Visitor: 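A single structure is presented below for examination.
Side chains included, hydrogens not; waters and symmetry mates left out as well; all remaining heavy atoms used. Both counts, for ligands and for their atoms, begin at 1 and track the order of listing. Everything numeric in this text was worked out from a predicted model, so none of it was measured.
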Amino acid sequence: MEVSYCDVAIIGAGTAGIAAERSARALGAKTFLVDDRFAGTTCATVGCMPSKLLIAAADAVRAVSQADLFGIRTGPMSIDGPAVLHRVRAERDRFAAATRQSFEKLPDDVCIQGRAHFMDATTLVVQGVREIKARAIVIATGSEPAVPENFAELRELILTNENVFELRDLPKSVAVIGAGPLGMELAQALVRLRVTVRVFDEAPSLPGIADPTIERHFRAIIGAELPITLGVKVGASRVAEGVLIQWSGAANGSQTFERILLAAGRPPQLEGLNLKSTRIELDERGIPRYDRATLQCSGSSIFIAGDADHERPVLHEAAFEGSTAGRNAATYPHVSAARRYASLSVMFTDPQLAIVGTAPKHEGETTVVGSASFADQGRARMFARNAGLIHVYADNGEGRISGATLCGPAVEHIAHLIAWAVQLNITASELLRLPFYHPTYEEGLKAALRQICELTHSQADDLATPGE
Ligand SMILES: Cc1cc2nc3c(=O)[nH]c(=O)nc-3n(C[C@H](O)[C@H](O)[C@H](O)COP(=O)(O)OP(=O)(O)OC[C@H]3O[C@@H](n4cnc5c(N)ncnc54)[C@H](O)[C@@H]3O)c2cc1C
């Protein structure tokens, strides 16, 4: 077997792996980046980008459907499914091509194509034909869609994020299994594109939204156009028209769908890596235990980053973790701790749902909550997008912002402001002294901040603007 030597080997050329390779090489390390496909990242090929492209088409439907409200008369609308999906793929392919071009710009010999597994803590075998010996190794193998056992038999009817964007036409009906961000984003986009959709989840409420008031509020809004069945066990069997979904729980029922979209989680892709041979400690799910500030696994020469560690499976965290892991792999055995970002996630539904930090378990002694509604907010009313509610959390002392759960129009922007405030340790009173342009959705935040100031007896010396 051919044997090659390097300082840092990275398994996986996704967002985390690319960032790890770059930061290790910037420190002078000889690197190898191993990937089984070099097809482009999950984000560009089957993740963030194509899903948002489908949402963009659904937004166009919404704009046409609402046009009448603004006095704009349109003719009858028709949705050209093949054209919708063609644009999704065409734009997606541009993003993916840009990622692939970035591989071509890497120095010769960095990229090694093939599936890798560990032989021991410092040795990888690629495709059974090449051995790589490395001083340190970064695991950046990403995640893959979970296929629950009760659906395994229905393989050709199953859609996941890996094949849904390859459809030539929109299906007539889809059962979406899983009400997390991936399931909800695609489900709402499909329903707006006139596909019959129902979302199912075992959980009694939408998973991942810890603030119960906002969860109920969001579910009520989105549930008006998208049937969501929660707290049920789902069974599936093949029928002539596709698949019969039967569900049991508080509300039993059954419905036939053409396809099933599985969005029941994306566990890390660690199988086949032969992690046992490395002797690093694994948790009960088989995920390496690691230090979240250094990304180092059990004090060893192995590091982990991105979806592979299953902690914050979003793109900016994959990039951050990748670059931290790459840097520490290059300087191993000396490693340094990175200060983590304030956690931030956005669900690109309409209204959007964003979460910053962690919702407090109990409001009261240590945390106060400022709330604001979009029902009568100026900018939201103008654009007929006046639905939503936000909760901003702060400490019950000086009113330092600790997080927020936001449901409303374009709350991705306010969520960024809150995340920056959390990371910069800013108080509600300090935030209120910063500029808010008029009339914007961002002004919707002010009422919540003022409430925090009131509750913490801090100064709120800004002036309310009409319709803010
Ligand atoms: C539908 C969908 C929508 C999303 N939307 C958003 C969004 O809007 N915003 C956001 O922030 N995040 C979003 N995400 C999440 C985001 O895409 C991921 O967090 C991010 O892409 C993870 O990057 P990664 O580098 O960890 O993994 P990946 O990009 O998946 O890279 C892993 C690579 O490792 C390779 N690999 C695996 N095992 C081996 C092996 N043994 N040998 C060799 N190579 C191997 C894989 O082929 C792959 O190329 C979305 C995800 C999905 C699925």
Visitor: Side-chain donor-acceptor pair under 3.5 Å between Thr31 and Glu21, yes or no?
Guide: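 Indeed, the side chains of Thr31 and Glu21 share at least one donor-acceptor pair under 3.5 Å.
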Visitor: Between the side chains of Arg238 and Glu153, is the shortest nitrogen-to-carboxylate-oxygen separation below 4.0 Å, so that they form an ion pair?
Guide: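 No salt bridge links Glu153 with Arg238.
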Visitor: Can we call the ring centroids of Tyr290 and Phe303 under 6.0 Å apart?
Guide: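 No, too far apart.
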Visitor: Out of Asp309, Leu270, Asp283, Ile302, which one pairs with Pro288 under the side chain to side chain contact (heavy atoms under 4.5 Å, CB included) rule?
Guide: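 So the option named by the test is Leu270.
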Visitor: Enumerate the pairs of nitrogen or oxygen atoms, one from ligand 1 and one from the protein, separated by less than 3.5 angstrom; state names and distance to 0.1 Å.
Guide:
unit_1	atom_1	unit_2	atom_2	d
ligand 1	5 (N)	Lys52	NZ	3.1
ligand 1	8 (O)	Lys52	NZ	2.7
ligand 1	11 (O)	Leu315	N	2.8
ligand 1	12 (N)	Leu315	N	3.4
ligand 1	19 (O)	Asp307	OD1	2.7
ligand 1	19 (O)	Asp307	OD2	3.4
ligand 1	19 (O)	Pro313	O	3.3
ligand 1	19 (O)	Val314	N	3.4
ligand 1	25 (O)	Thr15	N	3.0
ligand 1	25 (O)	Ala16	N	2.8
ligand 1	26 (O)	Asp307	N	2.9
ligand 1	29 (O)	Thr42	N	3.1
ligand 1	29 (O)	Thr42	OG1	3.4
ligand 1	30 (O)	Thr42	OG1	2.4
ligand 1	41 (N)	Ala116	O	3.1
ligand 1	42 (N)	Ala116	N	2.9
ligand 1	44 (N)	Asp36	N	3.2
ligand 1	47 (O)	Asp36	OD1	2.6
ligand 1	47 (O)	Arg37	NH2	3.2
ligand 1	49 (O)	Asp35	OD1	3.4
ligand 1	49 (O)	Asp35	OD2	2.6

Visitor: Determine, using ring centers only, whether His413 and Tyr441 are less than 6.0 Å apart.
Guide: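 For Tyr441 and His413, the ring centres are not under 6.0 Å apart.
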Visitor: Test your reading of the model: is there a side-chain donor-acceptor pair from Arg379 to the backbone of Arg385, 3.5 Å cut-off?
Guide: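 Not at all, since once roles are kept as given, no pair shorter than 3.5 Å links the two residues.
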